[in-house]
*Asks:* 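Got a structure for you, questions after.
Along the sequence shown, the residues carry numbers beginning at 1. All heavy atoms count here, side chains included; hydrogens, waters and symmetry mates do not.
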Amino acid sequence: MASSATTCSSVLHLLHNDTSTSSLLSSKGMHLRSSSLSLLSPRRTSSPSPMIQFSPKGFGSGSTNPLFVATTEKKKSPFQTEAVRQLTGSVTKTEGFRFAIVIAKFNEIVTRPLMEGALDTFQKYSVREEDVDVVWVPGCFEIGLVAEKLGKSGKYNGIVCIGAVVRGDTTHYEEVANSTASGVLSAGFNSGVPCIFGVLTCENMDQALNRAGGKVGNKGSEAALTAIEMASLFGYHLKE
């Protein structure tokens, strides 16, 4: 075992020092094919290096080097972003805009703070008090119908829909929540006036109060700000 290790070590040492490899192999009773020896030997000669040359010209006339990936020049896209008009609503240009708030009496402990948040936001963004009308309805189910009626009147640039649906022990919650959302959406489509969904759909009363001026903020205020931005978008950019 020691003799074999010594022989292998000697062979490797001689290979690296470019000595007479073949004579050593013969003395140890070992033989290698000349072709294999030529690949192992690092002997430097005047002949070209056996290393593969990566060239985009390929390995021969008319051939393509499969190991070379040519970089292609990035073509300029015909789509020029500088020429695209980007339209957005403004929350600073509110002069001349009129708004309505449709609010449900049901769960008034929640809906009234939502309305106050909306009125406060309108005031902060320079909407005059006389340009905001508040319409009370019995519950959330009636919001969509009244919102559509107000939208079709042509008096308003945006309508904020406020209500609160809190989950109970029956499936009544899902029916009212889904119908209210569909009603507000249809009101906007049918009237052509932005109808903003400011109806809370919560698991319990604590969640609702937290979103009516509590820990999570005031969703009525957010709905009013959305109404201002949409009214501006429609009024300045999406006129018929």
Side-chain angles (χ1 to χ4, degrees), residues 85-108 110-166 172-202 208 211-212 216-240:
R85 295 179 60 208
Q86 299 190 32
L87 309 178
T88 183
S90 172
V91 295
T92 59
K93 299 179 180 180
T94 59
E95 185 178 356
F97 288 157
R98 300 196 71 230
F99 298 93
I101 299 176
V102 183
I103 179 172
K105 294 179 182 178
F106 192 77
N107 285 329
E108 187 176 346
V110 178
T111 61
R112 184 170 288 277
L114 291 173
M115 179 196 68
E116 293 172 353
L119 292 174
D120 183 60
T121 297
F122 281 136
Q123 183 179 12
K124 286 181 179 178
Y125 286 87
S126 303
V127 178
R128 302 181 307 175
E129 290 184 2
E130 56 266 32
D131 289 333
V132 180
D133 293 332
V134 177
V135 181
W136 290 87
V137 295
C140 289
F141 197 82
E142 293 77 31
I143 290 177
L145 177 62
V146 176
E148 182 172 337
K149 183 72 173 180
L150 294 173
K152 288 182 176 180
S153 70
K155 298 179 181 180
Y156 305 100
N157 300 95
I159 300 170
V160 178
C161 302
I162 290 178
V165 184
V166 180
H172 185 67
Y173 168 86
E174 283 82 3
E175 294 175 357
V176 174
N178 292 336
S179 298
T180 303
S182 298
V184 173
L185 183 63
S186 297
F189 281 147
N190 296 333
S191 68
V193 175
C195 294
I196 311 305
F197 189 78
V199 179
L200 299 182
T201 55
C202 303
R211 287 158 177 77
V216 190
N218 193 304
K219 298 303 178 180
S221 176
E222 294 178 12
L225 189 60
T226 302
I228 294 173
E229 185 173 348
M230 288 296 291
S232 174
L233 181 63
F234 273 58
Y236 292 111
H237 301 299
L238 303 181
K239 292 182 178 180
E240 294 182 358

*Asks:* According to the salt bridge (Lys or Arg N to Asp or Glu O under 4.0 Å) rule, which pairs have a member within residues 150-166, sequence neighbours left out?
*Replies:* E148-K152
*Asks:* State the CZ-OG1 distance between F197 and T226, to the nearest 0.5 angstrom.
*Replies:* 12.5 Å
*Asks:* Within this structure, what is the CG-CG distance for the pair L87 and L233, rounded to the nearest 0.5 Å?
*Replies:* 7.0 Å
*Asks:* Working note: V102 + V184, criterion side-chain contact (heavy atoms from CB on, under 4.5 Å); need CA distance, chi angles, decisive distance, verdict.
*Replies:* CA-CA 10 Å; V102 183; V184 173; over 6 Å; no
*Asks:* Run the salt bridge (charged side-chain N to carboxylate O under 4.0 Å, His left out) test against R211 and tell me which residues pass, sequence neighbours left out.
*Replies:* none
*Asks:* Ignoring hydrogens, what is the shortest heavy-atom contact between A104 and C140? Give both atom names and the distance.
*Replies:* CB-N, 3.7 Å
*Asks:* Applying ring-ring contact (aromatic ring centres under 6.0 Å, His included), which residue pairs with at least one partner in residues 126-156 are found, sequence neighbours left out?
*Replies:* none
*Asks:* At their closest point, which heavy atom of A223 faces which heavy atom of I196, and how far apart are they?
*Replies:* O-CG2, 3.6 Å
*Asks:* Show every salt bridge (Lys or Arg N to Asp or Glu O under 4.0 Å) that has at least one partner inside residues 221-237, sequence neighbours left out.
*Replies:* K219-E222
*Asks:* Quick one: pull up CD1 in I143 and SG in C195 and give me the separation to the nearest 0.5 Å.
*Replies:* 11.0 Å
*Asks:* Within this structure, what is the CG-CZ distance for the pair D133 and F99, rounded to the nearest 0.5 Å?
*Replies:* 12.0 Å
*Asks:* L114 and G163: which non-hydrogen atoms are nearest, and at how many Å?
*Replies:* CD1-O, 3.9 Å
*Asks:* Once rounded to the nearest 0.5 Å, what's the spacing between atom CD1 of I228 and atom NZ of K93?
*Replies:* 14.5 Å
*Asks:* Can you measure from OG1 (T201) to CG (N178) and round to the nearest 0.5 angstrom?
*Replies:* 9.0 Å
*Asks:* Can you sort out the partners of E108 under salt bridge (charged side-chain N to carboxylate O under 4.0 Å, His left out), two or more places apart, ordered by chain and number?
*Replies:* R112
*Asks:* Where do A100 and L150 come nearest, in terms of heavy atoms and distance?
*Replies:* CB-CD1, 4.0 Å
*Asks:* What heavy-atom pair brings A164 and V110 nearest, and what distance separates the two atoms?
*Replies:* CB-CG1, 3.8 Å
*Asks:* Should I159 and V146 count as side-chain neighbours, where that means a heavy-atom distance under 4.5 Å?
*Replies:* no
*Asks:* Heavy-atom count check: over 12 atoms from other residues, nucleotides or ligands less than 6.0 Å from H172 NE2?
*Replies:* no
*Asks:* Crowded around F189 CZ? As in, over 12 foreign heavy atoms under 6.0 Å?
*Replies:* no
*Asks:* Can you give me the closest heavy-atom contact between Y173 and V166, atom names plus distance?
*Replies:* CD1-C, 3.5 Å
*Asks:* Report yes if some heavy atom in the side chain of P194 is under 4.5 Å from a heavy atom in the side chain of F234; otherwise report no.
*Replies:* yes
*Asks:* Please collect all side-chain hydrogen bond (donor to acceptor under 3.5 Å, both in side chains) contacts where either partner lies in residues 116-129, sequence neighbours excluded, each pair once.
*Replies:* D120-K124, T121-S221, R128-D131
